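Beneath this line is the structure, given in structure tokens, with notes to follow.
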Amino acid sequence: MTTDEQNFVLKARREKHDALLERGIAPYAYGFRRTHTAAAAVAALGAADEGERVNVAGRIVAWRGQGKTSFAHLADDSGRIQLYFRKDDLGEALFETLKLFDIGDVIGVAGTLFRTKTGEATVRVSGAEMLAKSLRPLPFGKEEIVNGVLVRHSGFSDPEQRYRQRAVDLAVHPEVRAAFVARSRMISALRAFLDARGFLEVETPVLQPLYGGAAARPFTTHHNALDIPLYLRIADELYLKRLVVGGFDAVYEIGHDFRNEGIDRTHNPEFTMLEWYQAYADYSDMMVLVEQLLVAAAESVRAQPAFAEAAPKLRPPFPRVQWVAALDAALGTAALAMSDAELRAAAVRADVAKPDTLSRPRLLDELFQAHVERTLQEPTFVLDYPVELSPLAKPKRGAPELTERFELFAGGRELANAFSELNDPLDQRRRFEAQAELRAAGDEEASGIDEDYLRAMEHGMPPMGGVGVGIDRLFMYLTGITHIRDVILFPTMRPE
RNA sequence: GACCCGAUAGCUCAGCUGGUUAGAGCAACGGACUUUUAAUCCGUAGGUCCUGGGUUCGACUCCCAGUCGGGUCACCA
């Protein structure tokens, strides 16, 4: 492989750049006054054969030179439009300058709309400006429509390079842009849903002196001036609940959480979480809210043409199954009555990795995952988790060994997790102490005691329902996209 | 972490049971062409065949190790 400096393709581009300068043409402009986007220009022509004068700008994505004429396609955010350059229209000097234009250049053109004899809306160009000379070619493939389906030839398909060079991936793949537009619209819809119900969007610390609210290994960093370790948050939960103590009755946050764990097609170390908390509500209220929110999210995805078909048609209420009953049914016995040794033996039979190292709650959870979770394809609420698995959830009314907690599963994956939030500071302290014991016994994911959070709760925390929704996975479920890297613009990669 | 697959021109790929100057299409460069659309036609240039060992008269090709990537499975409440 040649180095960039020696590469003949780059060299040719650079020579054209220099030739533009010699002709007194700036290769990099300050702006361009557009009258139409590409799509708007096509629409402006309508069914007519001759149309108005337009100024359009974008990237040259195809070029067909033909002696004293040339055809090109110009792409912008809205779509693409064909350009027709004719020497008689442009004059000798400008037509010669066109030879310095390449696929990938960003240009602006002025001209009148017309329809070619093959029926395509086209700009008959009378003036063209270089806006940004592309010194490094973009790997545009050639495209054709076969039986109404776009077929791309060559192009840019190396998965690694596509994720590493997302700017290139986006520039040459409109369908990738469409996925991220859909993601953005879905997040807007989530905000609109919560805003309309009186929730206040807030921002809580990403850098935290203690991490909590979930079971995961954190990223650790160090603050120089304070000379203390700080952790990137693994959840927003404990700060949002402090805000409810402070008098904000309904809050939510959409932000990144960070978990220092493996990377695969459903896990990125940095991912987007929506959490909300509503005072005076319990987990039953949250179930209804989650159903409504999912319907709103699915509608927003279905409104995107690229995903109109993919988005599932949700019909609340979703089925509710009891955690204990589901696990008992799968194991054929009462799971909570099993001894630690029996649980461990069951874990071995279920191919759970390293069962000897797991605490009792983790064993139960592993068994539930192995036997129940992955069977849940249609959206399903799993209710009432054992208290050992849920240190931040209130005991279930009438069954104190369980908690008022649910998780929503769909497509075999967890989409949401919610509780009637524990607001008894004395109980919370006992739960933290139990976690601390598990931690001391080697459970890396058990939490410690967060005294500052306990102090906030001791001032009086209203009863509330709270929910966490994994946004990346929700979007994957609603679009049918199977790899988390395809829903995160810049997924975490090993450095080159 | 386990198993399978892959790495060759800027991009997408071919290269047989080992054989001497490593190919194609696109992109690039030169030329022809004033309604093309995977434009077409003629010509030119472009390579550390991932890295390191080994086998062999000879390795892009076979073997070993490594690196990186992809897929599947497992793990990650």
Side-chain angles (χ1 to χ4, degrees), chain A residues 1-4 6-13 15-16 61-73 80 82-90 95 99 102-104 114-120 122 124 136-146 150-164 168 172 214-217 234-235 259-269 323 350-354 358-359 361-370 373 382 385-386 388-391 405 407 409 413-414 417 443-446 468 482-483 485 493-496:
Chain A
M1 198 181 294
T2 54
T3 66
D4 288 348
Q6 295 164 334
N7 183 284
F8 63 99
V9 179
L10 298 183
K11 212 164 152 187
R13 294 284 176 116
E15 284 166 6
K16 289 180 180 178
V61 297
W63 189 274
R64 295 177 293 282
Q66 206 178 347
K68 297 186 179 62
T69 65
S70 283
F71 286 90
H73 272 102
R80 53 165 64 190
Q82 182 167 250
L83 306 180
Y84 177 48
F85 299 92
R86 197 162 169 269
K87 190 173 182 180
D88 293 347
D89 296 336
L90 292 167
F95 197 77
K99 291 181 177 163
D102 285 302
I103 290 174
F114 77 109
R115 186 171 307 284
T116 64
K117 70 181 186 189
T118 57
E120 181 164 356
T122 302
R124 183 183 287 109
R136 190 179 288 275
L138 285 163
F140 284 103
K142 296 215 167 188
E143 298 172 349
E144 65 175 331
I145 307 289
V146 179
L150 180 73
V151 177
R152 197 174 273 128
H153 302 271
S154 273
F156 185 51
S157 59
D158 182 316
E160 179 187 3
Q161 292 308 318
R162 287 185 48 205
Y163 299 121
R164 285 194 189 282
V168 174
V172 305
R217 279 180 287 167
I234 59 173
R259 297 186 184 177
N260 203 341
E261 288 165 354
I263 297 175
D264 65 21
R265 65 185 183 291
T266 60
H267 294 84
N268 196 65
W323 191 95
D351 283 332
V352 171
K354 295 186 274 184
L358 297 180
S359 58
R362 291 288 307 279
L363 279 169
L364 286 166
D365 190 52
E366 293 287 343
L367 286 169
F368 187 82
Q369 284 183 44
E373 276 190 19
V382 174
Y385 284 64
E388 302 95 320
L389 285 175
S390 313
R405 172 183 181 186
E407 293 195 343
F409 291 89
R413 288 197 286 269
E414 176 193 344
N417 181 26
D443 185 343
E444 283 188 19
E445 296 187 345
T482 56
H483 208 304
R485 285 187 309 197
M493 305 279 288
R494 184 190 301 277
E496 278 187 279

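Numbers restart at 1 for each chain; the letters A, B, ... are given by sequence-line order, proteins then strands. Source: prediction; values computed, not measured.
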With both distances kept under 3.5 Å, what pairs with A28(B), Watson-Crick or G-U wobble?
U44(B)

Counter-base of C60(B), judged by Watson-Crick or G-U geometry with both distances under 3.5 Å:
none

So if I take every side-chain heavy atom of Asp264(A) and compare against A28(B), U36(B), C75(B), which nucleotide ends up nearest?
C75(B)

Look at the side chain of Gln82(A) against the base of U36(B) and say whether a donor-acceptor pair falls under 3.5 Å; ignore hydrogens and angles.
yes

With 3.5 Å as the limit, what N/O pairs link the protein to nucleotides 66-69 of chain B?
{"unit_1": "G69(B)", "atom_1": "OP2", "unit_2": "Arg494(A)", "atom_2": "NE", "d": "3.4"}

Nearest heavy atoms of Val168(A) and Pro139(A), plus distance in Å
CG1-CD, 3.5 Å

Smallest separation among heavy atoms of Ile103(A) and Arg13(A), with atom names:
O-NH2, 2.9 Å

Can you tell me how far C1' of C33(B) sits from CH2 of Trp63(A), to the nearest Å?
15 Å

Are the ring centres of Phe140(A) and Trp63(A) closer than 6.0 Å?
no

Sequence neighbours excluded, which residues qualify as ring-ring contact (aromatic ring centres under 6.0 Å, His included) partners of Phe368(A)?
Trp323(A)

Stepwise, does the salt bridge (charged side-chain N to carboxylate O under 4.0 Å, His left out) test hold for Arg405(A) with Glu407(A)?
CA-CA 7 Å; Arg405(A) 172 183 181 186; Glu407(A) 293 195 343; 2.7 Å; yes

Less than 3.5 Å between a donor and an acceptor, one on the side chain of Thr69(A) and one on the base of U35(B), is that the case here?
no

For atom C1', what is the distance between A32(B) and G46(B), given to the nearest Å?
23 Å

RNA chain B nearest-nucleotide lookup for Lys99(A) and Phe71(A): closer to the 5′ end is Lys99(A)

Applying side chain to side chain donor-acceptor pair (under 3.5 Å) to Gln82(A) and not counting sequence neighbours gives Arg64(A), Thr122(A)

